[in-house]
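The structure is given below, and queries will be raised subsequently.
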Amino acid sequence: MAELTIDAVVFDVLGTLVDEPAGLRAGIRALTPSASPSASPSAPLSASPSPSPSLDDSGTERLLLLWQRHIEREQGRIVDGDRPYLPSDALDREAAEIVARAAGAEDPAAGADPDAVASLARAARRLPPWPDTVAGLARLAERFPLIGLSNASRTALLELNAHAGLRWHQALSAEDARTYKPDPEVYRLAVTVTGLPPERLLMVAAHAWDLRGAQALGLRTAYVARPVGDPPTSSDRFDLYAEDLADLADQLGVS
C-alpha cells in the first residue's frame, strides 16, 4: 500500500458519525403507542395494519426496515436516472408516510395522519452521535480540515449537525450535486471545494459501498467500524481500517 499523504479528511455522516437507526427507532416508537405493524417489509404497502396494545421491538424493527428499504431504493433510482432528483427531505417524508400507514397512524378516510408523518420525518434529523464522534472530530480537526459529505439535504444536514454537536470546517450536501452517493459527482464536491487532487483527500465511512464510490474517483479511503454500517468484503482494499475515530486518529499520527 502506498504511503498516505493526506491534506483533508472527508466524512460520511449518516451511520458513520450518527446512529441513524437509533434516531429513527425513537421516532417510530413515538409514532403511535397503540398500533403495531401486521405486515412484513415485503408486504404490499396498502396492507391494513392490525392494532395491538403496544409497538414491540420486532414491530419497530419491521417498520425501520420499511423506511430503510424505501430510502435505499429511491436514492438508487435517482442515481440510475430512473427518477427525477428529490432532496432527502422529500424521500424522508415518503418513507414516513409508508411507515405511518403500516403502523396504523392513519384515518381510514384521509390516509396517514399528517402530524404523525411530519413528526416521524423530523426524527430523521435528530440522530444521536456515536460516543466517540464529537471528541474524535475535535481531535482530528487539530491536524486536518474536516469536511462532512452527506446524502442529507442542506436543511437536514444543518439540523443534524446542530442536534449531534458535529463541528466541521465545511459541510457539503449531495443536494448540491442533485444526486446521491455513490454517484461520483457527490464526491467531486469535496474535491472541488478543497482544490486538492483526489488522492490527497481521505474519505471516512462506515459503509463499504460509500468508500468504493469515493475510491472510484481517486480518493483515499478509511473504513470505520460501526454496528449499523456496511462492512467491507474480502475483495475490498481500503487504505485504513479503524475501530473508531480514536483509532483512526492514532493511525493518522494525530496526537
Determine whether a donor-acceptor pair (N or O, by modelled atom type, separation under 3.5 Å) exists between the side chain of Ser119 and the backbone of Asp115.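 No: the side chain of Ser119 does not pair with the backbone of Asp115.
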Check for a donor-acceptor pair, side chain of Asp239 on one end and backbone N or O of Arg220 on the other, with a separation under 3.5 Å.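 A pair under 3.5 Å: no.
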Is Leu17 reachable from Val254 through a run of hydrophobic residues whose side-chain heavy atoms are each under 4.5 Å from the next?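 Yes, one cluster joins them.
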Side-chain contact test, heavy atoms from C-beta onward, threshold under 4.5 Å: evaluate it for Asp89 versus Thr155 and give yes or no.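 Of all side-chain heavy-atom pairs linking Thr155 with Asp89, at least one is under 4.5 Å.
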For Val204 and Leu248: C-alpha separation, side-chain torsions, deciding distance, then whether side-chain contact (heavy atoms from CB on, under 4.5 Å) applies. CA-CA 9 Å; Val204 180; Leu248 177 65; 3.8 Å; yes
Considering all heavy atoms, the nearest Gly23-Ala123 contact: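 What the structure gives for the nearest pair is O-CB, 3.9 Å.
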What distance do Asn151 atom CG and Glu175 atom CD have between them, rounded to the nearest 0.5 Å?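 Rounded to the nearest 0.5 Å, the CG-CD separation comes to 11.5 Å.
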In Å and rounded to the nearest 0.5 Å, what is the CG to CD distance from Leu65 to Glu72?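 Here the rounded value is 9.5 Å.
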Can you find a side-chain donor-acceptor pair between Thr233 and Asp236 that sits under 3.5 Å?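 The criterion, which ignores hydrogens and geometry beyond distance, is satisfied for Asp236 and Thr233.
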Identify whether Val13 and Val134 are in the same connected component of the hydrophobic contact network (ILVMFWY, side-chain heavy atoms under 4.5 Å).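 No: no chain of side-chain contacts under 4.5 Å links Val13 to Val134.
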Between Trp130 and Gly15 (side chain of the first, backbone of the second, donor and acceptor by atom type, cut-off under 3.5 Å), is there such a pair?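 Yes, because the side chain of Trp130 sits within donor-acceptor range (under 3.5 Å) of the backbone of Gly15.
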Whether Glu61 and Arg25 form a salt bridge (side-chain N of Lys/Arg under 4.0 Å from carboxylate O of Asp/Glu) is what I want to check.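 Salt bridge flag = yes for Glu61 with Arg25.
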Taking side chain to side chain contact (heavy atoms under 4.5 Å, CB included) as the test, write out the residues that go with Glu20, two or more places apart.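 Scan of Glu20 (side chain to side chain contact (heavy atoms under 4.5 Å, CB included), adjacent residues dropped) gives Leu14, Leu24, Leu127.
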How many angstroms lie between atom CG of Leu189 and atom CG of Leu172, to the nearest 0.5 angstrom?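 Result: 6.0 Å between the selected atoms.
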Between Ala121 and Ala96, which heavy-atom pair has the shortest distance, and what is it?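 Minimum heavy-atom contact is N-CB, 3.9 Å.
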Looking at every heavy atom in both Pro84 and Ile78, which two are closest together, and how far apart are they?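 What the structure gives for the nearest pair is O-CG1, 3.7 Å.
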Distance check, rounded to the nearest 0.5 Å: Leu217 atom CG versus Leu201 atom CG?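 So the gap between those two atoms works out to 9.0 Å.
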Verify, without hydrogens or angle tests, whether Asp244 (side chain) and Ala246 (backbone) share a donor-acceptor contact under 3.5 angstrom.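 Yes, Asp244 side chain to Ala246 backbone: donor-acceptor pair under 3.5 Å.
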Do the side chain of Thr221 and the main chain of Met203 share a donor and acceptor less than 3.5 angstrom apart?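 No, the answer is negative, given that no donor and acceptor are paired below the 3.5 Å cut-off.
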pair Phe11-Ser150: side-chain heavy atoms closer than 4.5 Å: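 Phe11 does not reach Ser150 side chain to side chain.
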Shortest non-hydrogen contact between Ala8 and Leu196, atoms and distance: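 Distance-wise, the nearest heavy atoms are CB-CD1, 4.1 Å.
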With a 4.5 Å limit on heavy-atom distance, are the side chains of Pro21 and Gln68 in contact?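 Yes, at least one pair of side-chain atoms sits under 4.5 Å.
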Indicate yes or no for a side-chain donor-acceptor contact from Ser173 to the backbone of Ala152 under 3.5 Å, with no hydrogens or angles considered.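 Yes; judged by distance alone, with no hydrogens or angles, the pair exists.
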Interatomic spacing from CD in Glu142 to CG in Leu137 - rounded to 0.5 Å: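 The distance works out to 12.0 Å.
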Can you give me the closest heavy-atom contact between Ser88 and Ser153, atom names plus distance?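 It is OG-N, 2.7 Å.
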Would you mind reporting whether Leu211 and Tyr223 have side-chain heavy atoms less than 4.5 Å apart?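 A side-chain contact exists here, since the closest heavy-atom pair is under 4.5 Å.
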Non-neighbouring partners of Asp247 that pass salt bridge (Lys or Arg N to Asp or Glu O under 4.0 Å), sequence neighbours left out: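 Asp247 satisfies salt bridge (Lys or Arg N to Asp or Glu O under 4.0 Å) with no other residue.
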For Asp250, which residues count as a side-chain hydrogen bond (donor to acceptor under 3.5 Å, both in side chains) partner, sequence neighbours excluded?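 side-chain hydrogen bond (donor to acceptor under 3.5 Å, both in side chains) list for Asp250, sorted by chain: Arg139.
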Report whether Tyr241 and Leu219 are members of the same hydrophobic cluster (ILVMFWY, side-chain heavy atoms less than 4.5 Å apart, transitive linking).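 Yes: a chain of side-chain contacts under 4.5 Å links Tyr241 to Leu219.
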Distance-only donor-acceptor pairs under 3.5 Å for side chains of residues 162-171, two or more places apart:
unit_1: Trp168; atom_1: NE1; unit_2: Asn161; atom_2: OD1; d: 3.1
unit_1: His169; atom_1: ND1; unit_2: Leu146; atom_2: N; d: 2.8

Checking the side chain of Arg77 only, and the main-chain atoms of Arg83 only, is there a donor and an acceptor separated by less than 3.5 Å?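 Such a contact is absent between Arg77 side chain and Arg83 backbone.
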Under 30°, 30 to 60°, or over 60°: which ring-plane class applies to Tyr180 and Tyr85, parallel, tilted or perpendicular?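 Tilted.
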Let me see the working for His70 and Val99 under side-chain contact (heavy atoms from CB on, under 4.5 Å), right down to the final yes or no. CA-CA 10 Å; His70 179 78; Val99 169; over 6 Å; no
Could you name each residue pair satisfying salt bridge (charged side-chain N to carboxylate O under 4.0 Å, His left out) that touches residues 183-208, not counting sequence neighbours?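 Pairs touching residues 183-208 that pass the test: Asp7-Arg200, Glu185-Arg188.
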I'd like to know if the side chain of Thr16 and the backbone of Ala206 have a donor-acceptor N/O pair within less than 3.5 Å.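 Yes; at least one donor-acceptor contact below 3.5 Å.
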Check the hydrophobic clustering (I, L, V, M, F, W, Y; side-chain heavy atoms under 4.5 Å; chains of links allowed) and say if Val228 and Val224 are grouped together.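 Different hydrophobic clusters.
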Identify, with sequence neighbours excluded, every residue that meets side-chain hydrogen bond (donor to acceptor under 3.5 Å, both in side chains) alongside Asp210.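 By the side-chain hydrogen bond (donor to acceptor under 3.5 Å, both in side chains) rule, Asp210 matches Lys181, Tyr187.
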If you take all heavy atoms of Asp92 and Ala124, which pair is closest and at what distance?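 Heavy-atom minimum between the residues: OD2-CB, 3.5 Å.
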Kindly compute the distance separating CG (Leu245) from CG (Asp132), expressed to the nearest 0.5 Å.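 Interatomic distance, Leu245 CG to Asp132 CG, rounded to 0.5 Å: 4.5 Å.
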Run the side-chain contact (heavy atoms from CB on, under 4.5 Å) check on Leu240 and Leu4 step by step: do they pass? CA-CA 9 Å; Leu240 298 174; Leu4 283 178; 3.6 Å; yes
Could you walk me through whether Thr133 and Val18 pass the side-chain contact (heavy atoms from CB on, under 4.5 Å) check? CA-CA 8 Å; Thr133 291; Val18 296; 5.9 Å; no
Quickly, which of Arg154, Arg125, Arg122 forms a salt bridge (charged side-chain N to carboxylate O under 4.0 Å, His left out) with Glu159? Name it, please.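 Only one of Arg154, Arg125, Arg122 forms a salt bridge (charged side-chain N to carboxylate O under 4.0 Å, His left out) with Glu159, namely Arg125.
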For Leu252, does its backbone N or O pair with a side-chain atom of Arg143 as donor and acceptor, under 3.5 Å?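 At least one qualifying donor-acceptor pair exists.
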